[in-house]
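So that the names make sense, note that chain A is the first sequence line, chain B the second, and so on, each numbered from 1.
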2 protein chains.
Amino acid sequence: MAIRPAEQLIHKAAWLYYAHGLRQDQVASQLNISRASVAMYLRKARETGIVNISTSTQLFTDDVLARQLEDALELDAVWIAPENDYVLDPSTDIAVLAASVFLELVKKGDRIGVAWGRTVYTIADIMSYADLQDVTVVQLCGNLGAPYSYRPDQCTMEIARRLNAKGLNFYAPLVLTTELLAHGLRAEPVIREQLADIGNCDLALYSVGTVDADSHVVKCGALSPGEMGVLREAGAAGVIAGQIIDAAGKALDCSYNRRVISASLASLRQIEKRLMVVQEDSKFQPLLAALAGGLCTHLVVGASMARRLLDHAGASAGAKKAS
Amino acid sequence: MAIRPAEQLIHKAAWLYYAHGLRQDQVASQLNISRASVAMYLRKARETGIVNISTSTQLFTDDVLARQLEDALELDAVWIAPENDYVLDPSTDIAVLAASVFLELVKKGDRIGVAWGRTVYTIADIMSYADLQDVTVVQLCGNLGAPYSYRPDQCTMEIARRLNAKGLNFYAPLVLTTELLAHGLRAEPVIREQLADIGNCDLALYSVGTVDADSHVVKCGALSPGEMGVLREAGAAGVIAGQIIDAAGKALDCSYNRRVISASLASLRQIEKRLMVVQEDSKFQPLLAALAGGLCTHLVVGASMARRLLDHAGASAGAKKAS
DNA sequence: ATGCCAGTTTGACTTTTGTCGAGAGCCGTG
DNA sequence: CACGGCTCTCGACAAAAGTCAAACTGGCAT
């Protein structure tokens with residue numbers, strides 16, 4: 001009775017404390033343990049998602065700016081992280097908000113597609129634990145061969161872990177050296193099935209990448225700065241789930257894209273809720289491309305980015321009217 | 001700036017405290033108010049459901065007894081409130097558990113049918129606040145003419161209030177004096193539409209009533225003790241949403257039932273999740289009737305009731321096998 | 001204008017909670 | 001069977017959160 005505290009005790013403690021509203025010392029005496037232990041159990045309970053503390057993100061959608069953006073961009077929902085108000089770490093603020101929004105969007109039984117990148121990993125990292133049963137988290141794109149800090153499989157697994165969900169990884173490299181090989185690999189049953197199933201996801205979480213020399217795909221070695229330059233000349237505007245898109249949000253017709261193992265943009269668009277999170281202001285152009293491509297139905301951005309988007313939408317609407 | 005603290009401030013405080021994990025004094029300095037105010041805001045935030053603290057009820061389904069009951073009674077899920085373990089108020093324990101289970105079953109956009117009675121009202125009373133948007137709570141049966149402590153409309157509205165949901169009341173008496181009048185009233189568009197829509201609910205919450213002289217329906221004056229006695233002779237076994245059912249869980253063929261304005265048992269059975277909560281051990285026979293009638297898919301009971309149910313199920317299974 | 005009321009805010013106080021290092025029981029291993 | 005290694009547990013202290021009466025605010029009726 002002393003050795004394995006197990007979930008059982010944690011559960012009971014959490015129950016008495018949070019549901020019945022007892023104080024820790026009362027819980028302790030009920031369970032015949034010390035109050036210190038109770039405190040520890042409660043922390044574990046919070047960490048494992050046995051108790052869920054979530055704050056409504058309504059505040060951020062109530063924002064006038066967010067409403068305007070929803071209308072202007074025809075999105076289902078927009079959340080805007082305030083920036084000047086009370087200064088905290090500027091970009092984690094967006095990630096914290098994104099994590100809350102994400103948790104609010106997830107339902108039991110959902111299948112969730114997750115891409116990769118610093119943004120996604122940051123979100124995973126600060127996401128609070130939850131106890132979603134029957135949730136599956138699937139990886140949207142192939143892995144990186146080289147060890148890199150925010151690997152696709154890491155993103156997927158970390159989020160699955162936080163949610164107490166099943167993680168479904170994808171054991172293929174993100175990009176191959178020849179189109180032929182990529183084609184062959186995509187035809188492999190294991191891979192093909194998983195790719196085919198992506199359209200059945202209920203929710204997708206991704207960010208968008210830049211096509212600069214310090215882009216994510218460059219830093220991780222999938223493309224050299226030179227190659228990226230060429231692609232940029234050819235019309236590359238952003239990166240989604242490892243694929244290069246042009247300003248219209250279509251997959252760029254290039255060798256690189258044909259060598260990538262990832263969810264097709266068409267299958268991404270089949271996903272009902274596509275949550276896009278953008279932290280850096282430098283991702284303005286890539287974000288426009290993603291929006292143009294209909295790759296996003298739910299958006300989390302910072303206030304300054306929101307204003308730029310709105311200005312842009314207003315300007316292009318005005319231009320359209322003028323012409 | 002001093003007069004209307006509004007939701008805005010409460011929201012921000014809750015956000016900083018719960019989502020960002022700041023301490024109260026940090027929140028206070030961020031918001032330029034005193035820590036005491038922050039503490040107050042946070043309480044309000046919890047009370048209004050801006051933050052949600054919920055404990056997983058998994059513990060209670062993991063219980064071996066619960067599993068056995070699920071199998072024996074062919075129910076989707078069973079939760080059993082422990083009784084001897086750590087002694088608290090015995091019957092509120094069941095209600096607290098029921099409230100948690102209920103909140104766990106509700107999803108956004110759901111339509112919820114709520115019956116009435118002491119049990120239901122107790123659950124409503126201790127239910128923590130939540131911020132479910134797009135949820136509608138509908139009343140399953142007519143109102144009581146006489147003022148009584150746990151009126152159907154009270155139950156409905158209180159639950160709607162806690163959930164921040166829309167409450168849909170039912171402005172008709174529970175029982176009329178003549179069958180003709182009841183028939184006419186049921187044909188009224190307002191009433192008819194609401195009754196017809198009950199089958200579209202996603203979730204129902206009710207208990208079952210006894211058919212004793214101190215039954216709920218007797219105490220509230222819908223039936224006299226004498227009439228109840230007659231009905232009992234005629235095979236009455238329990239009360240569901242104001243209607244008398246027999247041991248097989250069918251509506252008893254009697255004048256009273258024909259004079260009642262309430263959701264038909266058939267429409268109740270159309271509801272996907274039918275959560276039944278039983279506090280008193282004396283409701284054993286009525287509960288059996290309700291179970292026989294398929295009026296319950298999710299069940300919350302106390303441990304002793306659970307054991308009785310299991311014994312009964314085992315015995316009747318044995319009898320069936322023997323015969 | 002004035003005084004009252006309802007609601008908010010605050011500082012000071014008490015209670016409750018989080019945390020740390022030490023100790024105790026259990027386990028596989030040498 | 002003695003030994004670390006491991007995790008769980010506890011007591012005591014420090015930190016944080018809850019509470020209360022008093023002061024303050026603006027609105028409102030007199």
Taking only residues two or more places apart in sequence, or in another chain, which ones meet [X] in a side-chain contact (heavy atoms from CB on, under 4.5 Å)?
X	result
B/D281	B/S304, B/M305, B/R308
A/N164	A/D131
B/A124	B/E158, B/I159
B/Q26	B/L22, B/R23

### Query
Considering the terminal five base pairs at each end of the helix from C/dA1-D/dT30 to C/dG30-D/dC1, what angle separates the two local helix axes, rounded to 10°?
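Taking five pairs per end, the axes differ by 20°.
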### Query
With respect to the phosphate group of D/dT7, does any side-chain polar atom (N or O) of A/K44 fall under 4.0 Å of OP1 or OP2?
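A/K44 to D/dT7 OP1/OP2: no side-chain N or O under 4.0 Å.
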#### Entry: Under 4.0 angstrom between B/S37 side-chain N/O and C/dT10 OP1 or OP2
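So the side chain of B/S37 is within the cut-off, an N or O lying under 4.0 Å from OP1 or OP2 of C/dT10.
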Within this structure, what is the [atom1]-to-[atom2] distance between [X] and [N], rounded to whole angstrom?
X	N	atom1	atom2	result
A/I33	C/dG25	CD1	C1'	17 Å
A/D25	D/dG11	CG	C1'	15 Å
A/Y41	C/dG18	OH	P	15 Å
A/L22	C/dT16	CG	P	12 Å

#### Entry: Nearest listed nucleotide, side chain of B/S34, among D/dT9, C/dG11, D/dA17
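It is C/dG11.
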### Query
Taking side chain as C-beta onward, heavy atoms only, is B/H20 less than 4.5 Å from A/D93?
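In contact.
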Please write out each protein N/O paired with an N/O of nucleotides 18-21 of chain D under 3.5 Å, distance rounded to 0.1 Å.
residue: D/dG18; atom: OP2; partner: B/Q24; partner atom: NE2; Å: 2.6
residue: D/dG18; atom: N7; partner: B/R35; partner atom: NH2; Å: 3.3
residue: D/dG18; atom: O6; partner: B/R35; partner atom: NH2; Å: 2.9

### Task
List in chain and number order the residues that pass salt bridge (charged side-chain N to carboxylate O under 4.0 Å, His left out) with B/D71, two or more places apart in sequence or in another chain; answer none if no residue qualifies.
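Expected list: none.
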### Query
What salt bridge (Lys or Arg N to Asp or Glu O under 4.0 Å) pairs are there with at least one residue in residues 94-116 of chain B, not counting sequence neighbours?
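Every salt bridge (Lys or Arg N to Asp or Glu O under 4.0 Å) pair that includes a residue of residues 94-116 of chain B, provided the two are not neighbours, is B/R111-B/D197.
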#### Entry: Those residues that, when tested against B/R46, pass side chain to side chain donor-acceptor pair (under 3.5 Å) (two or more places apart)
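Partners of B/R46 by the side chain to side chain donor-acceptor pair (under 3.5 Å) criterion, ordered by chain and then number, come out as B/Y18.
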